[in-house]
Amino acid sequence: MTLDAATIEIPATPGRAWCEDMDRADALAPMRDQFDLPDGMIYLDGNSLGAMPKAASARAQTVVTHEWGTDLIKSWNSAGWFDLPVRLGDKLAPLIGADAGEAIVCDSTSQNLFKVLSAAVAMRPDRSVLILEGSNFPTNNYIAEGVAAATSGRVSVRLCEKDEIADAIDENTVAVAITHVHYKSGHVHDMAAITARAHAAGALAIWDLCHSAGAMPVDLNRCNADFAVGCTYKYLNGGPGSPAFLFAAKRHQGQALQPVTGWWGHAAPFAFEPGYRPQPGLRQFLIGTQPILSMALVETGLDIHLQADMAAIRTKSMALTDLFIHLVEQRCAGHGFTLASPREAAERGSQVSFAHAEGYPIMRALIAAGVIGDFRAPDTVRFGFTPLYVGYADVWDAVDRLVTIMDQGVWKRPEHQERDAVT
Ligand SMILES: *Cc1c(COP(=O)(O)O)cnc(C)c1O
């Protein structure tokens, strides 16, 4: 897999015509036909819930009416339900730089993080600190607190911000567990450098790929990562709440044990032995029966990704985000937006955030105008750019609607002030 992506130069004053030309020349543009998106909607939230692959409806129908409705229990063997976590993990592997047998699809990101952090704590019995990023998506840090609490005081959590992480690693560090692309700012951590730094101190490196898997090239093995976790419902288009994934490097399998010792991780689940015996490989990271309906749909998203060149996805992603920043700063100048993502495309994932004191009503007004992004408290409007179904003219149109909302003060209307539970 190529990690280097070419750069596309954005003109000083890009117009809609330039965007249309770019769309016509874009080799990824036809991929959009594989997704079902409502007419007229500009969907800039694939970093939170990816769009639906057209193949998903038919796949769901087959699983429900045929595999479940007709074949019933036989489907555990005949439809490959038993092996699904492993088979999907092998399909995902090339997208994250893993080898076959190193990735498995199961449970949620939060649960998988609990498993790998606990395994890491057991692998470094004479060490006492887990290092995480304080401003990370909170569940990661909550889970680390729980892992530490389960050690009755042996292990504690140390929270650092991006530039402090490398220096915080020392001979007491169990592991660094960092999210590759920051959920709010989109900042990309240097996976190779932080992993090397951790290893030099005898610590382990655990990566959360929620905002990078499917959005940009990831090469876990080239970076020598120990463990990784991530979502399939964001850039991988697996469907709402679809099971997450877990990566364990070959060298740790059979050595690293996760503590949620359910029958699915037993060496012989159908021998129904009275005591737990760990499966010697990757399956030990499983707990119990997987949700087949939801997991089956993960494949429809993976199949689309496997047709696309990840370097091309990255090149387009950098161009779309560069274009968006350029247009917002040019056309919404004076309206109070401050870029809250790295300006350099190479340091940014596939998303752009702006800080604005009135971010919440502005995002509501944008959503009402058919541009779907999201809001992250206290003041961040966040836009995700999925190169498989977002084009250059979409970026132009999204900014054009934002310009109207700001110029005409549409966001000030009372209906845009109310707070929903999910933002
Ligand atoms: C989206 C996301 C999660 C989601 O965790 P769930 O267990 O699926 O709810 C966790 N961590 C990060 C960094 C995320 O971006």
Side-chain angles (χ1 to χ4, degrees), residues 44-51 85 88 92 96 103-118 130-147 157 159-162 165 175-189 191 194 205-216 218 220 225 227-247 258 260 285-288 290-291 294-295 297-298 301 340-341 348-353 373-377 380 382-386 421-423:
L44 304 182
D45 217 357
N47 53 324
S48 208
L49 174 62
L88 294 183
L92 167 75
I96 56 171
I104 197 158
V105 173
C106 59
D107 303 317
S108 69
T109 299
S110 302
Q111 290 163 323
N112 287 337
L113 189 62
F114 182 86
K115 293 184 247 177
V116 297
L117 282 173
S118 302
L130 290 169
I131 297 176
L132 286 91
E133 192 171 19
S135 60
N136 192 7
F137 191 79
T139 197
N140 298 48
N141 301 348
Y142 300 160
I143 292 285
E145 278 177 40
V147 169
V157 177
L159 301 179
C160 307
E161 289 312 319
K162 57 175 190 249
I165 293 167
V176 274
I178 306 292
T179 299
H180 186 206
V181 173
H182 194 280
Y183 82 107
K184 218 189 240 187
S185 69
H187 170 261
V188 185
H189 282 288
M191 183 183 286
I194 293 177
I206 299 171
W207 289 95
D208 179 327
L209 306 178
C210 278
H211 291 281
S212 40
M216 59 192 290
V218 175
L220 290 169
F227 299 100
V229 298
C231 292
T232 64
Y233 55 74
K234 292 174 179 163
Y235 290 101
L236 290 170
N237 312 102
S242 58
F245 63 85
L246 182 155
F247 159 89
Q258 63 88 9
V260 193
F285 285 94
L286 298 178
I287 299 173
Q290 59 270 18
S294 186
M295 192 175 281
L297 300 190
V298 171
S341 293
R348 198 169 63 222
S350 206
Q351 68 187 66
V352 175
S353 294
D374 60 26
F375 174 77
R376 286 293 172 264
T380 304
R382 191 176 70 153
F383 302 88
F385 297 84
T386 307
V422 176
T423 59

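Note that ligands are numbered from 1 as they come in the structure, with each ligand's atoms numbered from 1 the same way. Count residues from 1 along the sequence.
- Inter-residue side-chain proximity for H189 and S212 is flagged as unmet; no heavy-atom pair is nearer than 4.5 Å.
- Here atom 11 (N) of ligand 1 lies nearest to N140 when heavy atoms of V229, I178, T109, N140 are compared.
- In this structure, W207 and H180 have perpendicular ring planes: the angle between them is above 60°, well past the 30° mark.
- Across the listed options D208, V181, I143, D208 owns the non-hydrogen atom lying nearest to atom 13 (C) of ligand 1.
- Looking at H211 next to ligand 1, an N or O pair under 3.5 Å apart turns up.
- From the protein, the heavy atom lying nearest to atom 10 (C) of ligand 1 is T139 CG2, 3.4 Å.
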Which atom pairs, donor and acceptor, lie under 3.5 Å between side-chain atoms of residues 239-247 and protein residues at least two apart or in another chain?
from : atom 1 : to   : atom 2 : distance (Å)
S242 : OG     : T232 : OG1    : 2.6
S242 : OG     : Y233 : N      : 3.4
S242 : OG     : G239 : O      : 3.1

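- In this pair, F383 and F385 present their aromatic rings tilted. The plane angle is within the 30 to 60° band.
- Polar contact with ligand 1: present for S110 (N/O pair, distance under 3.5 Å).
- Qualifying side-chain contact (heavy atoms from CB on, under 4.5 Å) partners for V157, counting only residues two or more places apart in sequence or in other chains: L132, A144, A148, L159.
- Taking a cut-off of under 4.0 Å to the non-hydrogen atoms of T179, the atoms of ligand 1 that pass are 13 (C).
- Only the side chain of C210 comes within 4.0 Å of ligand 1, judged by heavy-atom distances.
- Taking each heavy atom of S185 and Q351 in turn, the nearest pair found is C-NE2, 4.0 Å.
- Here N136 has side-chain heavy atoms under 4.0 Å from ligand 1, and that is the only part of it that gets that close.
- Of the heavy atoms in K234, only side-chain atoms (C-beta onward) come closer than 4.0 Å to ligand 1.
- Within the 3.5 Å criterion, the main-chain N or O of S135 finds a donor-acceptor partner in the side chain of E161.
- If you check each of Y233, F137, Y183 against atom 9 (O) of ligand 1, the one with the closest non-hydrogen atom is Y233.
- Every atom of ligand 1 is numbered from 1 in the order shown, and the set under 4.0 Å from a heavy atom of S108 is 7 (O).
- At least one heavy atom of C231 sits less than 4.0 Å from an atom of ligand 1.
- Taking the six-membered ring where tryptophan is involved, the planes of H211 and Y183 are tilted, since the angle between them lies from 30° to 60°.
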